[in-house]
Amino acid sequence: MTKVTMTVNGKAVSAETEGRTLLVQFLREGAGLTGTHVGCDTSQCGACTVHVNGQAVKSCTIFAQDVAGAEVRTIEGMAHADGSLNPLQQAFNDCHGLQCGFCTPGMVMASAALLANNPRPTEAEIRHGLEGNICRCTGYHNIVKAVLQASGQTDTQGVAAE
Amino acid sequence: MQSFDLVKPSTLAEAVSALAADGAQALSGGQTLIPVMKQRLAAPSVLVSLGGIAEMRGVAAAQGVLRIGAATPHAAVAREAAAHYPALAKLAGGIGDPAVRNRGTIGGSLANNDPSACYPSAALASGATIVTNRRQIAADDFFQGLFTTALQEGEIITEVQFPIPERAAYVKFEQPASRFALTAVFVAKYANGVRVAVTGASNDGVLRWKAAEERLSANFSASALSDLNLSGADMMADLHGSGDYRAHLAKVLTGRAVAAS
Ligand SMILES: Cc1cc2nc3c(=O)[nH]c(=O)nc-3n(C[C@H](O)[C@H](O)[C@H](O)COP(=O)(O)OP(=O)(O)OC[C@H]3O[C@@H](n4cnc5c(N)ncnc54)[C@H](O)[C@@H]3O)c2cc1C
Ligand code: FES
Ligand code: FES
């Protein structure tokens, strides 16, 4: 076992790891942050998406020891300090961008990374940017609306169902 | 997944010596290897991460050649190659999804040589040189069939050198669930001729379509291909498409790549 330390949502977190310990296990079992979900464990669904040094990654497809020392952000680090939702989370709420909520942590983290790189994405860019995130419930429609709203593009009337 | 030790050297020399250990294997972005290890199709006893080796990362162009460090992620190639070799940058920006592109690397993709992967077609169509810690390998000699390359035990790709073409394009017909190529074609036009590489088609992995190269070298237009046909007999056939379907797609996509270049 090797002790790994990372900065998770601004706080130093340490846990004992094996070589095969995945980042998502480090977060869920080591740091007790169970907001990051495992949907497929085969690198397909994006439910486990977190930010490592500012970039969206699938935490089920990274070994914890390979990112020792990194700055990690998870869904638990997205709300404001007083616990109120940030504008992107609020937009998911307002637009009904979630139903069962299982995919939502990954959707929010992937959307946040998308907006950081492209603050006013088109609908097509949002759909393309969220290709790595699968949702079984919403049909994506309201997720796209939420990201448009969060980017200040409130006229979401034109969003067509696919 | 079976247990193993992970080491993360900061120089190429340390990585080479770590890979000499019994059962050692290179880990780059892990976007192929980790899923394969979860399925227990690979069980290395030591994984040597290449992610901490600064000398293996980066994109640089000089004297008509684009050099990409083997551990450079797809997302970085998409950004940094755009000004030098737009067709290659576009290919990199179309691999998988953003999270895969932030981790997966060019060296890992070439070493893996998946028959439906994108980068092998760019390397083959560009006549790229694959540089390792031991030697330089021409792309024509590097790809040796399904998941098979010229790499020897413990050999590491350090860099890939792409001669920059006059014109080029990559056209991918996506398998929508995996986003790998159902079939895809890379066409590159150089002063001394045109090269055409087809991925996601042959049972032997990426291939050059030499008949099309000859035609296009004489007349660089989609119409030059009109009476050419690839045989579907040696093509992959699965629930997504028959061999004949893939052979037909390869021809259509070659024409589109010529038009898009
Ligand atoms: C959801 C998803 C979608 C994808 N879609 C696409 C797609 O559309 N097109 C596409 O082409 N690919 C796709 N991929 C594969 C992706 O591009 C991988 O990143 C790539 O195939 C492997 O690169 P890696 O850096 O992750 O390598 P790893 O997984 O770390 O390694 C792969 C293999 O290469 C070896 N290796 C790694 N680096 C080196 C090196 N420098 N020298 C020698 N050997 C080395 C390893 O030992 C291992 O055997 C997808 C993957 C996923 C998970
Ligand atoms: S759990 Fe990581 S991609 Fe599905
Ligand atoms: S809300 Fe249920 S999977 Fe997306």
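Proteins get letters first, then strands, A, B, ... in listed order; numbering begins at 1 in each. If you're wondering where the values come from, they're calculated on a predicted model, not measured in any experiment.
- With respect to chain A, the highest number of heavy-atom pairs below 4.5 Å among B/Val7, B/Val100, B/Val46, B/Leu27 belongs to B/Leu27.
- Summarising the geometry of B/Ser3 relative to A/Glu18, their closest heavy-atom pair is CB-OE1, 3.8 Å, with the distance given to 0.1 Å.
- Closest heavy-atom contact between A/Thr61 and B/Pro35: CG2-CD, 4.0 Å.
- Ranked by non-hydrogen atom pairs under 4.5 Å with chain A, the options B/Arg101, B/Gln31, B/Gln39, B/Lys38 are led by B/Lys38.
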Handout entry: Test side-chain contact (heavy atoms from CB on, under 4.5 Å) applied to A/Leu22 and B/Ile34, step by step
Key = CA-CA 10 Å; A/Leu22 298 164; B/Ile34 296 174; 4.1 Å; yes

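- Taking every heavy atom of both residues into account, A/Glu131 and B/Asp97 meet most closely at C-CB, 4.2 Å.
- What you find for A/Asp66 and B/Ser49 is that their closest heavy atoms are OD1-OG, 2.6 Å.
- When all heavy atoms are compared, the tightest approach of B/Pro98 to A/Gly129 is CG-O, 3.3 Å.
- Among residues 75-88 of chain B, no residue has any heavy atom closer than 4.5 Å to a heavy atom of chain A.
- A pairwise comparison of heavy atoms in A/Lys58 and B/Ala99 identifies CG-CB, 3.8 Å as the closest pair.
- Of the two parts of B/Gln2, only the backbone, made up of N, CA, C and O, holds a non-hydrogen atom closer than 4.5 Å to a non-hydrogen atom of chain A.
- More than 12 heavy atoms of other shown residues, nucleotides or ligands fall within 6.0 angstrom of atom CZ in B/Arg179.
- Contacts between B/Leu33 and chain A at a heavy-atom distance below 4.5 Å are absent for every atom of the residue.
- Atom CD of B/Gln152 is surrounded by more than 12 heavy atoms from other residues, nucleotides or ligands within 6.0 Å.
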